[in-house]
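No hydrogens, no waters, no symmetry mates; every other heavy atom, side chains included, goes into these values. Both ligands and their constituent atoms are indexed starting at 1 by order of listing.
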Amino acid sequence: MKTDLVTGAAGFIGAEIAKKLMMKGRRVITIDNLSTGIKEHIPENVIFIRGNTFDEHVIAELEQYEIEDIYHIAGQSGGITSYDDPVYDMDSNIKSTLLLLDYAVKHHCRSFVYASSMAVYGDENECPIKETDQVKPKTFYGIGKLASENYMRLYAGQFEVKCTSLRFCNIYGPGQNMENLRQGMVSIFMSQAISGRHIHVMGSKDRFRDFVYIDDVVRACILAANGCEKEKFQIYSIATNKKTTVEELIEQIRMSLPFEISVEYKGSTPGDQFGVYCSYDRIRENLGWIPETDLHSGIKKMTEWALNRR
Ligand SMILES: NC(=O)c1ccc[n+]([C@@H]2O[C@H](COP(=O)([O-])OP(=O)(O)OC[C@H]3O[C@@H](n4cnc5c(N)ncnc54)[C@H](O)[C@@H]3O)[C@@H](O)[C@H]2O)c1
């Protein structure tokens, strides 16, 4: 049976990729340290190795499997959190990539797909941002993602493995962690709205983001592993090319709820990017990917899920 490694399948995006791969009849292994993920989120029948992706003895547990594709999704996933412990962030977001690339080469894996972030861009580009625009991360988190991309570029250049880095914009949807109030703009606001009927926004209402629905992201990841590419190393923004301000997002959430909420703007967040939205022309041209779920219907689906799980 064809086997894939999806790191971080106890988390939001990893769990959805693992589910989709299993539906396609593949065997899935995950490594997760349950730092932000929840064991119960790991889809049934996924082989679970508990541990850090940056520990050699954990990676050694993969020796017994013949893995075809690696989806390296696990990682310290918050910009603010990267300030709490930059060394852990570095291990989690850089060393882990290096160890897994090494594994991929030694075991002749076919593809290596990586969960990078629009955090690599920083604040100085004009939107919509393209993959060729300058990268100037403002957080340790963004630095880690960019470093991982560079390791991938070197590995793809020197060895046989095909490497694709997907720079995710803001991903949202059912399954997102509603208890972690330090990452995920949509999940944070929705969680506050549902539990306290009040949203506290840290930062300006005019900041803007590019919100991508989870199903579109899963499709992009699987396409990236399977697609035929001219280049062995590729970078794609996973984006909608649409600008949504914080105020507009909150309005979408407000409209989707069956009760009234209040909103307060107070404080700020270190390293917060002011505004990002990205072009997805490159992945559309190379792999035919386009985002299919718009924000209005995506928020509606997520709200239904969030209200039902209470
Ligand atoms: N959600 C977004 O909007 C978004 C945007 C850009 C990039 N990303 C990236 O996508 C990936 C997945 O994000 P998510 O939203 O699913 O986050 P998440 O926190 O829900 O999932 C991350 C998973 O990885 C696990 N993990 C973290 N560090 C680990 C380590 N060192 N070893 C083993 N397991 C570890 C966590 O326990 C968790 O289960 C992350 O790498 C994140 O940086 C996410």
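- Protein residues with any heavy atom under 4.0 Å from ligand 1: Gly8, Ala10, Gly11, Phe12, Ile13, Asp32, Asn33, Leu34, Ser35, Thr36, Gly37, Gly51, Asn52, Thr53, Phe54, Ile73, Ala74, Gly75, Gln76, Ser77, Tyr88, Ser92, Ala115, Ser116, Ser117, Tyr141, Lys145, Phe168, Cys169, Asn170, Ile171, Gln183.
- Within the structure, ring pair (Phe, Tyr, Trp, His ring centres under 6.0 Å) contacts touching residues 143-185 (residues at least two apart or in different chains) are Tyr155-Phe159, Tyr172-Tyr213.
- Applying side-chain hydrogen bond (donor to acceptor under 3.5 Å, both in side chains) to Arg182 and the options Asp84, Thr269, Thr36, Asn177 leaves one that passes, Asp84.
- Evaluation of the side-chain hydrogen bond (donor to acceptor under 3.5 Å, both in side chains) test over residues 192-204, restricted to residues two or more places apart or in two chains, returns His198-Ser262, His198-Glu264.
- Checked against Asp69 for a salt bridge (charged side-chain N to carboxylate O under 4.0 Å, His left out), the options Lys2, Arg110, Arg27, Lys162 give a single hit: Arg110.
- Under the side chain to side chain contact (heavy atoms under 4.5 Å, CB included) test applied with Lys138, the options Asp123, Val120, Asp272 reduce to a single match, Asp123.
- Remark: Arg167 engages Tyr121, Glu149 in a side chain to side chain donor-acceptor pair (under 3.5 Å) (not counting sequence neighbours).
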